[in-house]
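Everything below concerns the one structure shown next.
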Amino acid sequence: MTVLDERPAPPAEAPRRRPNRLLALLRNSWRQLTSMRTALVLLFLLAIAAIPGSVLPQRNVSPEKVNEYFTEHPDLAPRLDQIGGFDVFGSVWFSAIYLLLFTSLIGCITPRLRDHFRALRSKPPAAPKRLDRLPQHSVLTLPAGGVAAIAEVLRRRRWRVTVRGNEVSAEKGYLKETGNLIFHTSLLVVLVGVALGHWYGWSGNRLLVAGEDKSFCNTRQQYAEAKLGPRVDTGNLPGFCVTLDEFHARFLESGQPSSFNATVTVDEPGKSTRTADFSVNSPLRLDGANLYLLGHGYAPIIRYTDRYGRSQTSVEPFLTTGDMGLTSEGLAAFPDANLDPKTGKKDSNQQVAFTGLYLPTAPDAPPYVRSEYPTERNPLLNLVAYRGDLGLDAGIPGSVYQLDQRQVRMGKVKQVGDKVLKQGESWKLDDGSTVEFLGTRRYITLSVRHDPGSGVLLVSCGFLLAGLMGSLFGRRRRVFFRVTSGGSADPTGETPTAGSSLVEAGGLPRTDYPGFVDEFAQLVAAVSGDGRPDERAGTDRDGSDRAGMREGTD
Amino acid sequence: MSALSDQLVTFAILAYLVAMISHAVEFALGNGRVRAAAAPQRERELVGAGAGAPGGMIVKSAEPTPPVTPVADRAAGRARLAGLVAVVATAVAAVLHLVALVTRGLAADRMPWGNMYEFVLTVTFIGVAAWLVVLVKRPSLRKLGLFLTLVMVLLVATAELVLYVPVVPLVPALNSYWFVVHVSTIVFSSGIFLLGVVPAVAFLMRRGYEAGKRSFPYTLAKRLPAAAALERLTFVLHAFSFPIFTFAVIAGAIWAEAAWGRPWGWDPKETWAFISWVVYAGYLHARATPSVKRNVATWIAVLGFFTMLMNLFGVNIFFTGLHSYGGL
Ligand code: HEM
């Protein structure tokens, strides 16, 4: 870890004119903002600001829980809402903190990037006058081959080497600063990736019932709930079509699910139709969108034959109620029922609907309210019939899964009986019409998403990690060798007196690096070849000062 | 198999207790001159034999055994013996701990990280294994073992008494190789952070002691290793663990993208992982900033550990989210 000075303030310009107060203030604030201390404080604020996001329910994670919170704390909730308590990560103050932090980051790394590029291009500095003042110091006899041989040894060990006359300077471990800069830059790119996803991404959820007649093609209208980024043009959603062919779920005897698999037929524009499998943990990746399997359930097939003998079939998904046995409830509505074939006129008071409770594995005896197992071992459909004006024509959007209770309350729809049906059974209503429970189809809950930032995120996270390792485990250090007596300054290395002159060596770890003692000793030994390094190389060696663990390698 | 695992956990707790008591005895008997290296050779064998410590990290210790004064102080001798017993007991406990994990995994037919009970057991095991590695390399830090075994006894006993659940298989959402990648790295880094908090707290006490404080918690630090060495170990452990933790969080995001359709959704677990990450980044920053004192930096590391604990226990208990398979 670099024991790094806070970035030296640029030397104040000599005040030629009267110093501009505002400018000075700005410059000072900028300097303040880009200091390590500020970064530290902002990091802290960020951590603290995130806490309410886990304590309070968040709208984009669980909107139902937010509503619950509103009913439970009617006084507090609106006030919390005002300050963004239910959307912490999109709130002004949270954004302010991270934007400041990232501004500070930019201000911090730009000058460092410039300095580092410069350092990478320049040569290792000249040796200091007194090598014996450096933390590591040693004297050895000049090896055969002279200065050039020393440089060669260093180069082979991947030091950056410069020979100046009878002096060798070498430096190693630029990886540390490089890694650190890559790491911090990657943080910025991560933010860019998040922003891309936010602006250009979209997502929608929907149920998809098995069967070709139920296939869906991707348009905005096809989603019950959809989130579109501010820069998404609804006209440009990729126009694929998907049909659910089959869905398989396996369960343990306890009812706990063990595996899911959905088989779909995909039709993408400009491509031939294909079938594909996907499941939890392995989404279906299409051009411009991914399909995620989030849930599943049953859609009972209900055929209604009205009093004029005309049949219609409903295959609507019944929503699971959340229990292990997949008890589900739903609605089969026949707004066009009982259309008089003679007049062709629709009597909206003769509309028919059934609310139902579906039990894939019903218990042996009543009450039939709770399924015992998620697969269809003893399927039962518990139907309640209604007749009257369903309220679907009024133009008020209602749920497809529930009967409009307002109509029931106002007496416009009347309950006309209830019955429990086994698969294949039919039930004759009071007006002579019949309803049959023909079976079920599976449906799946899909999340369809497009996140154009995910690639950027993935790549930047890779760089982030690599940079972090370089930064934490890299060590910058320098060594110097100088021929002191009798040695020739001949850079070609043809030193006639090799063996008789002495070389002084010094080492300087530029980062906190306890292993440098060993490395320096080894280096000196390698340079002197057969010659022993001077005893002094080992004297400042202090075992108890060494790291408990060697961090990484170089 | 599962019953065997449960019994082994009990035995491991007992062995940690023995180790803790021996460390306490050593503390009580010891004096300043008794330091370091009671039979380092033996410790090394023990680690190699069972603890399953990451083998590559064991580097032979070059630490010279301190000269034993001919006037062999009997109390010092006994203290050294107690220290040796403590280390052996810790190693035995670690082996029992490991076998308990392995049998639990065999019983469940998967990696033993499916619920909070198994999670805590694994994290503590990583902590103790890493501690044995540290001991081999730096025997002079042995006295920290008192704190470590205390933490072990507390956490493993909490796991067994409060968090225990019978073996069950995984739900499909967890059934993925990302489960192994993400959870193993989270567990590993948590274990190292857990170990890291031991020298951190010891450093804070020792520093107070060296600064002349003689009130209660500081007096405990009288026989602890020097503050600088503790601080250094704290940093090394955290610097080692932080990238692994970073990787684990990224792996989690990749998995979440595949399973839930979004890499990051500010689910409570994710939020607290973010908080921990930011706090530990703050620690590394603080340590690299000369104007921030080392004890301030170390406090941040301790704080980081509390955020990890919050994620491990608090989030499973107080909040519900997609990660709520904690099994409480
Ligand atoms: C976005 C928020 C930031 C995060 C998450 C972050 C994270 C980190 C981490 C984890 C390290 C440790 C790596 C190492 O020790 O080499 C580090 C080092 C460093 N950071 Fe940041 N950083 C952030 C912002 C900043 C800012 C704004 C500055 C400038 C003021 C800065 C300057 C530095 C410096 C100089 C180091 C090197 C310390 C050393 O030499 O060891 N960072 N940062």
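A quick note: this is a predicted structure, and the numbers were derived from the prediction, not measured. All values below were derived from every heavy atom in this structure, side-chain atoms included, with hydrogens, water molecules and symmetry-related copies excluded.
- Counting non-hydrogen atoms of neighbouring residues, nucleotides and ligands closer than 6.0 angstrom, the CZ atom of A:F251 exceeds 12 such neighbours.
- Heavy atoms closer than 4.5 Å to chain B are found nowhere in A:L291, neither backbone nor side chain.
- At a 4.5 Å heavy-atom cutoff, the contact between B:P243 and chain A is made by backbone and side-chain atoms alike.
- Only the side chain of A:L458 comes within less than 4.5 Å of a heavy atom in chain B; its backbone stays farther off.
- Across A:L293, A:V41, A:I51, A:N290, the residue that shares the most heavy-atom pairs under 4.5 angstrom with chain B is A:I51.
- For B:R294 and B:F203, the positive end is not near the middle of the six-membered ring at less than 6.0 Å and at most 45° from its axis.
- For chain A, the nearby part of B:F274 is the side chain; its heavy atoms alone come within less than 4.5 Å.
- With a threshold of 4.5 angstrom between heavy atoms, A:L187 approaches chain B through side-chain atoms but not through N, CA, C or O.
- In this structure, no portion of B:W264 lies under 4.5 Å from any heavy atom of chain A.
- Checked against the 6.0 Å centroid criterion, the rings of A:F247 and A:H296 qualify as a close aromatic pair.
- Note on ring orientation: taking the six-membered ring where Trp is involved, the planes of A:F86 and A:Y69 are perpendicular (angle over 60°, cut-offs 30° and 60°).
- Using bins of under 30°, 30° to 60° and over 60° for the plane-to-plane angle, the ring pair A:F183/B:W277 lands in the tilted bin.
- Below 30°, between 30° and 60°, or above 60°: for A:F89 and A:F94 the angle between ring planes is above 60°, a perpendicular geometry.
- Ring geometry for B:H238 against B:Y280 counts as tilted: the plane angle lies between 30° and 60°, on a 0 to 90° scale.
- Heavy-atom distances place no part of A:S447 under 4.5 Å from chain B, backbone and side chain included.
- Looking at A:L42, there are no atoms closer than 4.5 Å to chain B (heavy atoms on both sides), in backbone or side chain.
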